[in-house]
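Notes for the one structure printed next.
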Amino acid sequence: MTEAEWMFFDRMPQLIPLYERLREILTARYDNLTIRVAKTQISFCNRHIFAMASLPYRRRKGWPSEFLLVSFGLSQPKDSPRIAQAVEAYPNRWTHHVLVQTPEEIDGELLNWIDEAYRFSLVK
């Protein structure tokens, strides 16, 4: 991890292991991956951003107090109880948000969605 990534988690260092697992998997999966750290999110990019990790700045009612918010963009909404929210940010561009509380939740289903988002970002 870079210094900027470490600093991103100053407010919630207990979430670093979740992020490290996600980062490790995505780095191994995608040869041309770049990682950009901003104030509110860490972006995983090829030509475009295809997935993001962020901290719980604004929680909705019923959401846990600690989680890593993993977001990704697709051309259509996915229907799954794991998806906390899906928003059509632009026509035919849906941003999905998944609350991740344990390393086990970074699993095949979530990674398949991120794979789909990776492919979608290459053609948009």
Side-chain angles (χ1 to χ4, degrees):
M1 282 181 34
T2 66
E3 183 177 343
E5 288 169 293
W6 283 104
M7 290 176 57
F8 181 84
F9 289 95
D10 273 352
R11 192 169 61 82
M12 298 186 97
Q14 66 274 24
L15 296 178
I16 289 173
L18 291 175
Y19 173 74
E20 284 180 316
R21 177 164 168 80
L22 179 67
R23 183 189 198 282
E24 177 183 307
I25 292 170
L26 297 185
T27 300
R29 274 174 118 86
Y30 312 117
D31 291 335
N32 63 340
L33 178 72
T34 59
I35 298 172
R36 292 192 298 223
V37 181
K39 184 178 179 179
T40 60
Q41 73 183 27
I42 298 175
S43 302
F44 298 97
C45 314
N46 48 37
R47 281 184 32 207
H48 303 283
I49 296 171
F50 65 91
M52 295 83 61
S54 57
L55 300 175
Y57 286 103
R58 293 187 193 113
R59 289 192 324 269
R60 296 185 77 159
K61 185 177 180 177
W63 285 12
S65 59
E66 290 185 3
F67 58 88
L68 184 67
L69 185 66
V70 178
S71 306
F72 51 90
L74 298 174
S75 62
Q76 58 194 8
K78 290 287 182 189
D79 184 27
S80 170
R82 291 185 66 187
I83 296 174
Q85 186 178 31
V87 178
E88 190 174 20
Y90 298 99
N92 301 315
R93 292 189 185 174
W94 290 81
T95 302
H96 297 75
H97 304 288
V98 176
L99 312 181
V100 176
Q101 294 181 275
T102 67
E104 294 76 27
E105 292 174 320
I106 303 171
D107 61 2
E109 183 177 45
L110 177 59
L111 295 171
N112 286 338
W113 291 332
I114 293 173
D115 284 344
E116 188 177 339
Y118 177 88
R119 291 187 303 273
F120 175 60
S121 71
L122 287 173
V123 298
K124 67 178 180 179

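In this structure, Asp10 places its CG atom where more than 12 heavy-atom neighbours from other residues, nucleotides or ligands lie under 6.0 Å away. Taking a 6.0 Å sphere around CD of Glu24, one finds it holds 12 or fewer heavy atoms contributed by other residues, nucleotides or ligands. Heavy atoms from other residues, nucleotides or ligands lying under 6.0 Å from CD of Glu3 number 12 at most.
Among Leu99, Leu55, Val98, the one residue that satisfies the side chain to side chain contact (heavy atoms under 4.5 Å, CB included) test with Leu69 is Leu99.
The aromatic rings of His96 and Trp94 sit tilted, their planes meeting at an angle between 30° and 60°.
Between the side chains of Glu5 and Thr2, at least one donor N or O lies within less than 3.5 Å of an accepting N or O. Under the 3.5 Å distance criterion, with hydrogens and angles disregarded, no donor-acceptor pair is assigned to the side chains of Glu66 and Gln101. In the model, Ser121 has a side-chain atom that pairs as donor or acceptor with a side-chain atom of Asn46 under 3.5 Å.
With hydrophobic clusters built from ILVMFWY side chains whose heavy atoms lie under 4.5 angstrom apart, Leu122 does not share a cluster with Phe120. Following chains of ILVMFWY side-chain contacts shorter than 4.5 Å, one cannot reach Trp63 starting from Val87, and the two form parts of different hydrophobic clusters. Connection of Met7 to Leu15 is not established within any shared hydrophobic cluster, with ILVMFWY side chains joined at heavy-atom distances below 4.5 Å, either directly or through further cluster members. In terms of hydrophobic clustering, with Ile, Leu, Val, Met, Phe, Trp and Tyr side chains grouped at heavy-atom distances under 4.5 Å, Ile49 and Leu74 are assigned to different clusters.
Separation of atoms CZ (Phe50) and CD (Glu116) is listed at 13.0 Å; rounding is to 0.5 Å. Glu105 contributes atom CD, which lies 11.5 Å from atom CZ of Phe67 (distance to the nearest 0.5 angstrom). With values rounded to the nearest 0.5 angstrom, Thr34 atom OG1 is found 7.5 Å from Asn32 atom CG. Distance check, rounded to the nearest 0.5 Å: CD1 of Ile114 to CE of Met52 gives 10.0 Å. Once rounded to the nearest 0.5 Å, the distance linking CZ of Arg21 with CG of Leu68 reads 12.5 Å. Within the model, atoms CD of Gln41 and OG of Ser54 stand 6.5 Å from one another, a figure rounded to the nearest 0.5 Å.
Between Leu18 and Ile106, the closest heavy-atom pair is O-CD1, 3.4 Å. In this structure, Gly73 and Ala117 approach most closely via the heavy-atom pair O-CB, 3.2 Å. Closest approach of Val100 to Leu110, counting heavy atoms only: CG2-CD2, 4.1 Å. Minimum heavy-atom separation, Arg11 to Pro56: NH2-O, 3.8 Å.
Sorted by first and then second residue, the pairs that involve residues 26-36 and meet salt bridge (charged side-chain N to carboxylate O under 4.0 Å, His left out), not counting sequence neighbours, are Arg29-Asp115.
Counting only distance, with no hydrogens or angles, the side chain of Arg93 and the backbone of Ser75 share no donor-acceptor pair below 3.5 Å.
Between Tyr19 and Phe9, the ring centre distance stays below 6.0 Å. Taking the six-membered ring for Trp and the full ring otherwise, the centers of Tyr30 and Phe44 sit at least 6.0 Å from each other.
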Mind running side chain to side chain contact (heavy atoms under 4.5 Å, CB included) on Ser80 and Trp113 for me, showing each step along the way? CA-CA 11 Å; Ser80 170; Trp113 291 332; 3.5 Å; yes
Carefully, step by step, assess Ile42 and Arg23 under the rule side chain to side chain contact (heavy atoms under 4.5 Å, CB included). CA-CA 10 Å; Ile42 298 175; Arg23 183 189 198 282; over 6 Å; no
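In this structure, Arg82 pairs ionically with Glu109, as a charged nitrogen and a carboxylate oxygen lie closer than 4.0 Å.
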